[in-house]
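Okay, so here's the structure we're looking at.
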Amino acid sequence: MIKTLLAQGKQYRTACILAPVFTAGETVMEVLIPFVTASIIDRGIEAGDIRQVYLYGGIMLVMAFFSLTFGVLAGRYAAKASSGLACGLRYGMYERIQTFAFSNIDKYSTAGLVTRMTTDVTNVQNACQMILRIAVRAPLMLICSLGMCFVIHKRLSMIFLAAIVILAAALCFIMLRASKLFQEVFRRYDSLNSSVQENVSAIRVVKSFVREEYENRKFQKAADRLYTLFVKAESILAWNNPVMMLVIYGCIIAVSWSGAHFIAAGELSTGNLTSLFSYIMSILMSLMMLSMVFVMVTMSAASCRRIAEVLTEVPDMTDPARPETTVADGSISFHHVDFSYQHGSGEKTLRDIDLQISSGETIGIIGGTGSGKSSLVNLISRLYDADSGSVCVGGKDVRSYDMNALRDQVAVVLQKNVLFSGTILDNLRWGREDATEEECQEACRLACADEFIRRLPNGYHTWIEQGGSNVSGGQKQRLCIARALLKKPKILILDDSTSAVDTATDARIRESFAKEIPGTTKLIVAQRISSVQEADRILVLDNGSVNGFDTHENLLKTNAIYREIYEAQTQGGGDFDGPEPDGKEGVLV
């Protein structure tokens, strides 16, 4: 795990080395200063030799200067290394997430990934900086100070050894108890962030149903659980300082009492006792700093595991060793395909799908909720892989293609349409980065989006808010269709992508497709019969299986499910969708 994390900050390796080196230099200077102080007292002040005072005083000033310089440099390089590691971890996770298949992404909540890239990385950054500075400084200070104590007086130094053993045992007990709680704390962070994300993204629904009070209670419950765990964990860590203080004052009393006897017996000088007191404080401060490191490491250990989990996640789908990069045409074949979202669960979403679709055909796909319509079209662009059987595009198995090359030729407009913050042109150019404004306008004309865009004050340069919150659902769908058309794909999949537009606009979109892109294979997933009845053939899905695959007229004669849907929609008066008064669809800009 540690190796995985450190690999993300390898470009800051020099800073990682220099920070401990300068910290060690700073520590050595600080350890030697009390020893020089003892010489000033014993050889200068008590001996009445002012020259020795000046000499050792000058040495102390030089040591202090070097200690200050080393400390500044150590702090600078530690900050550079820890910040660089944090930057590398965030980028590494973000880059890794981009390689995930949908099945990988399904394992994590959005809030959980955000927590990992923010709170968890910050914890690791703080721990890294503390390790580079304090985790080097404290042990070195402890060892050097203890060594100097033994040089000054061996018997008195045994007091320090006893204190270290007692303190180490107490700290280990505290840290082990707190570590398990902190792991649970970060899981609770995910729940808290999930509550916030869900509420903010669905704020319009919350307000329309007057559920603010309910959402407040739900958030309060998540916050209270996090509060309770934090209090419990911090209550255990709170024993750290009392134990430290007990050991510190115990050492001071023991050394004072024993040191007085040794001075009276002539075994110890006043200057050496003064130095011992300085080393006592250095040793005990080192132990306190180590306890702080333990606290931070305990908190960050859970974060490290969560970050490493993302960095080591193996994508379920990868390109083959020698991938195909050219899609010959828009033909599609399903050969006895079975599919489930959780492999091996036994609950199949698609069962024995066997289809042949010619290039340039327009295929309608219809069926009840949960019948497997979206799952089927997701296999064509290899957003998921089939459990068994094969899906072929252009006569070749989709698993034989380079995924980028395949998806460039299979444009998908998903059920959940997403627009990004930026201008309309910026969003359209997600389809093709180098598309000219004229090409964008042509794609919008095919998608029947040009008409409402030109009514906007800034036209194609109108700013779109995050998620497309300032355009209507129908306008968002048409912009997403235009974005897909810019790719000039061999296969165009509309996954219920015209559900928010009126039937007249839906008909115009289908008519423009038939005239302008006749060579493109078009798969239209819809709930409305009117959206698919003019397709070359219509696929009827029922409970993940093919129930019918024929023309509209033949299905009315031979397929009970299709006929039932048709009659329910037409005998009830058909689709009542229509354009808004004066043909206007409001837009907030």
Side-chain angles (χ1 to χ4, degrees), residues 101-104 106 316-317 320 324 327-401 403 406-407 410 412 414-415 490-496 521-527 529 532-533 535-566:
F102 278 21
S103 53
N104 295 106
D106 291 344
D316 289 342
M317 295 188 301
E324 298 286 345
V327 179
D329 54 44
S331 60
I332 303 168
S333 301
F334 284 77
H335 300 289
H336 302 287
V337 169
D338 289 339
F339 170 71
S340 60
Y341 285 99
Q342 294 182 344
H343 298 318
S345 65
E347 298 180 8
K348 293 182 179 178
T349 306
L350 297 174
R351 299 175 180 83
D352 195 30
I353 304 296
D354 197 65
L355 301 170
Q356 301 294 326
I357 299 171
S358 301
S359 183
E361 269 194 292
T362 299
I363 302 296
I365 303 175
I366 201 164
T369 301
S371 60
K373 302 184 298 295
S374 296
S375 301
L376 183 136
V377 296
N378 283 341
L379 297 180
I380 297 171
S381 57
R382 207 188 171 199
L383 298 180
Y384 294 93
D385 272 339
D387 293 353
S388 62
S390 63
V391 181
C392 296
V393 170
K396 296 176 181 176
D397 193 315
V398 292
R399 289 169 290 199
S400 68
Y401 285 107
M403 281 188 283
L406 174 67
R407 290 169 185 169
V410 182
V412 184
L414 298 168
Q415 280 180 322
K490 289 185 170 64
I491 299 172
L492 175 64
I493 298 172
L494 303 181
D495 188 359
D496 207 13
T521 304
K522 297 167 282 291
L523 278 68
I524 303 172
V525 178
Q527 299 288 347
I529 291 286
V532 299
Q533 66 181 19
D536 297 320
R537 287 186 291 171
I538 300 168
L539 173 65
V540 182
L541 289 175
D542 180 42
N543 197 27
S545 299
V546 175
N547 187 266
F549 190 32
D550 212 330
T551 63
H552 168 71
E553 291 77 13
N554 289 338
L555 286 173
L556 282 177
K557 298 174 184 177
T558 61
N559 191 275
I561 292 177
Y562 187 80
R563 186 167 55 251
E564 182 181 347
I565 296 172
Y566 177 79

Using 30° and 60° as the class limits, which term best fits the ring planes of Phe339 and Tyr341: parallel, tilted or perpendicular?
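Phe339 vs Tyr341 ring planes: perpendicular.
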
For residues [X] and [Y], determine if any side-chain heavy atom of one lies less than 4.5 Å from a side-chain heavy atom of the other.
X      : Y      : value
Phe549 : Asp354 : no
Leu350 : Leu379 : yes
Val546 : Leu539 : yes
Asp550 : Asn559 : no
Leu383 : Arg407 : yes
Thr521 : Ser359 : yes
His552 : Ile529 : yes

Nearest heavy atoms of [X] and [Y], plus distance in Å:
X      : Y      : answer
Gly394 : Ala328 : O-CB, 4.0 Å
Gln533 : Ile538 : CA-CD1, 3.9 Å
Leu556 : Arg563 : O-NH1, 2.9 Å
Asp352 : Asp338 : N-OD1, 2.6 Å
Ala535 : Gly364 : CB-N, 3.6 Å

Nearest 0.5 Å, please: how far is [atom2] in [Y] from [atom1] in [X]?
X      : Y      : atom1 : atom2 : result
Lys348 : Ser375 : NZ    : OG    : 14.0 Å
Ser331 : Lys490 : OG    : NZ    : 11.0 Å
Ile366 : Ile561 : CD1   : CD1   : 11.0 Å
Asn378 : Ile493 : CG    : CD1   : 8.0 Å
Glu361 : Arg537 : CD    : CZ    : 4.0 Å
Leu523 : Thr362 : CG    : OG1   : 9.0 Å

Side-chain donor or acceptor of [X] paired with backbone N/O of [Y] under 3.5 Å:
X      : Y      : result
Arg351 : Asn543 : yes
Asp397 : Cys392 : no
Lys373 : Gly368 : yes
Asp387 : Ser340 : yes
Asp536 : Ile363 : no

With side-chain contact (heavy atoms from CB on, under 4.5 Å) as the criterion, how do Ile332 and Leu355 come out once you've worked through the C-alpha distance, each side chain's angles and the decisive distance to 0.1 Å?
CA-CA 8 Å; Ile332 303 168; Leu355 301 170; over 6 Å; no

Set out, in order, the CA-CA distance, both residues' side-chain angles and the distance that settles side-chain contact (heavy atoms from CB on, under 4.5 Å) for Phe334 and Leu376, then state yes or no.
CA-CA 9 Å; Phe334 284 77; Leu376 183 136; 3.9 Å; yes

So, using salt bridge (Lys or Arg N to Asp or Glu O under 4.0 Å) as the criterion, who are the partners of Asp329 when residues are at least two apart?
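Asp329: no salt bridge (Lys or Arg N to Asp or Glu O under 4.0 Å) contacts found.
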
If you count every heavy atom of other residues, nucleotides or ligands that lies below 6.0 Å from Glu564 atom CD, does the total exceed 12?
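Count not over threshold, so no.
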
Would you please test Ile380 and Val398 for side-chain contact (heavy atoms from CB on, under 4.5 Å) and show each step?
CA-CA 7 Å; Ile380 297 171; Val398 292; 5.7 Å; no

Check the pair Asp496, Gln527 against side-chain contact (heavy atoms from CB on, under 4.5 Å), reporting the backbone distance first and the verdict last.
CA-CA 7 Å; Asp496 207 13; Gln527 299 288 347; 4.0 Å; yes

